[in-house]
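Working notes, beginning with the structure itself.
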Amino acid sequence: MTGTPAVEVRSVRMVYGSGPSATFALDDVGLTVEPGRFVALIGPSGCGKSTLLRLVAGLEQPERGDIRVHGVTPAEACAAKLIGLVPQSPALLPWMSVLRNVTLPQKVNRRAAARRARIAGLTGRQPPAAGPDMRELLRRAGLGDVARKLPGQLSGGMRQRVAIVRAFGLRPDVLVMDEPFSALDEFTRESLQDQLLDLWEESETTVLFVTHSVTEAVRLADTVVVMASGPGRIVEGIEVDLPRPRRGQLLGERRFHAYEDLIRDRLRRAWHHDAA
Amino acid sequence: MTATEGRAVPATGEEPPARRRRPGRRPSVPAWLRPAVWLPLVVMLAGLAALWQYGARRLPYLLPPLRDVGRSLLDNPGYYVHNALVTLGEAVAGLAMGFAAAFVLAVLTSEFPLVRRAVMPVATVLNVTPLVAVAPALVVAFGFGPLPKLVITGLICFFPILINTATGLRSVPREVLQVYRTVDASRVELLWHLRVPSALPFVFAALRIVFPLSVIGAVVAEMSASGSASGLGTAISVASSMNQLPVVYASILVLALMGVLLLSAVTVAERRALHWHDSTRD
């Protein structure tokens, strides 16, 4: 461990609106994520988990507090292409083939490579080598046959896979995912979770993953961060000490369910605390 | 695997079984060759022609017989072709000017709110002012040459293109923008890779509106410039002042055909450029 966390959030406050109608989307939120960790954010709607994600991705500015991605601000991290975003919808460009969709983010902002090398040098990491072979990456995600097709010709699950490949194609230091599987059916979701874990395990990327599925959180994450609403805050970070790969039998075992129960209990408690 | 495989399958109900074709293939007999498709139109046209002929017999000073209109066209095709080309040239050149100006302004208004606040009110006032009323003033200002015709045609095309393109440039979904903002794509990159392609369906919707409008603009301009030499609008003005009804209606027919031709050209171009878009899928 080099000492510089992949993501560091310090006493962040985020307010929407002003005056008496102002709502605290986040208040006094702190979070530290070491490089290479898979962190799931879970909580009821309105707890600010997506807001926290957007703050880390530099898409919004906090009212108060400080956010660092590998020691630099989110804006600098974006300028150096340290961050890969997978939004809730695939967000593909319908007029471009799958292959061009996944390569376009690499073609824009060409000066990012130099910035990225500099930031990596500051924190003593290796910047990634030349861009990956996107055809190969698509093939590994089971999309080799559809590389020339348009997004409109694919199923929902395939489109979301394309979005994940697009993010991994950047070789991001931090992968930021906002409920990427929530619109998919259960079978598709499970196979995409497997593929995501495969890609993650051979990259060395850090993942911040927002979800509202307890099972998904336990299956994917090293750490599950439980959040509560009103104001949005972090209740607890739960380390999931289960062996990987987490598939097949393990999902039916008692220790897996024990983690699910623990997280559900924490969510419920936070909920009652709010109601009281 | 995909939901779109069967997209091109036509309704096969009326086909003899021997002509069954594989699903997903283009039909070997185009749909419009089937009587159910063309017969209603033919009946409609025949009915209109009969009504016309009846009217022409009863009111010979208001309606020329169709035979006279046809003879005027066939006896003097060069006259109509020449005038049609003049009007078409004015319409297309004016449209091109209006398009260029509107597109550039649409980009500026969508990129800079300050420009939007300055331009939009003026453009709106321009749009609600009847151009037929403005045309004579423009002829006075720019003379009887081609310039006022281009200006009037350009003006009539300007607003629909501006509004549609500006809307289209802002139609990129939020999440797509977020993906490209996290890789810090520049404004020019966002414009070129995301905004302009996203605007294309809107631009084509505008073109469908302004291609017929451009012909209207050219004709209005010709009619306002009473001394202009050629063009179908001029031909109509001159012929009606000399009570040559067949020439008037022959010119109108040519104008209508020109409009249909232009609209078909837009449709073909749209199908090619927007093959990825939902609107071009049956």
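Chain A is the first sequence line, chain B the second, and so forth, proteins listed ahead of strands; every chain is numbered from 1.
- A donor-acceptor pair shorter than 3.5 Å cannot be found between the side chains of B:E175 and A:Q88.
- When atom types are taken as modelled, the side chain of A:R161 and the backbone of A:A141 share a donor-acceptor pair closer than 3.5 angstrom.
- Between the A:Q106 side chain and the A:G169 main chain, a donor and an acceptor come within less than 3.5 Å of each other.
- The choice from B:V183, B:L177, B:L274, B:L200 that makes the most heavy-atom pairs within less than 4.5 Å of chain A is B:V183.
- Interface remark: B:P197 contributes backbone and side-chain atoms alike to the contact with chain A (heavy atom separation under 4.5 Å).
- Both tests pass for B:R187 against the ring of B:F112: distance under 6.0 Å to the centre and angle within 45° of the axis.
- Using a 4.5 Å cut-off between heavy atoms, B:L194 contacts chain A through both its backbone and its side chain.
- Of the listed residues (A:I83, A:L92, A:L104), the greatest number of heavy-atom pairs within a distance under 4.5 Å of chain B belongs to A:L104.
- Among A:P151, A:S89, A:G58, the residue making the largest number of heavy-atom pairs under 4.5 Å with chain B is A:S89.
- Within 6.0 Å of the CZ atom in B:R174, the count of heavy atoms belonging to other residues, nucleotides or ligands does not exceed 12.
- B:S186 does not touch chain A: none of its heavy atoms, backbone or side chain, sits under 4.5 Å away.
- Heavy atoms closer than 4.5 Å to chain B are found in both the backbone and the side chain of A:A79.
- Contact annotation for A:L93: only side-chain heavy atoms (C-beta onward) come within less than 4.5 Å of a heavy atom of chain B.
- One N or O on the side chain of A:K81 and one on the backbone of A:P105 form a donor-acceptor pair closer than 3.5 Å.
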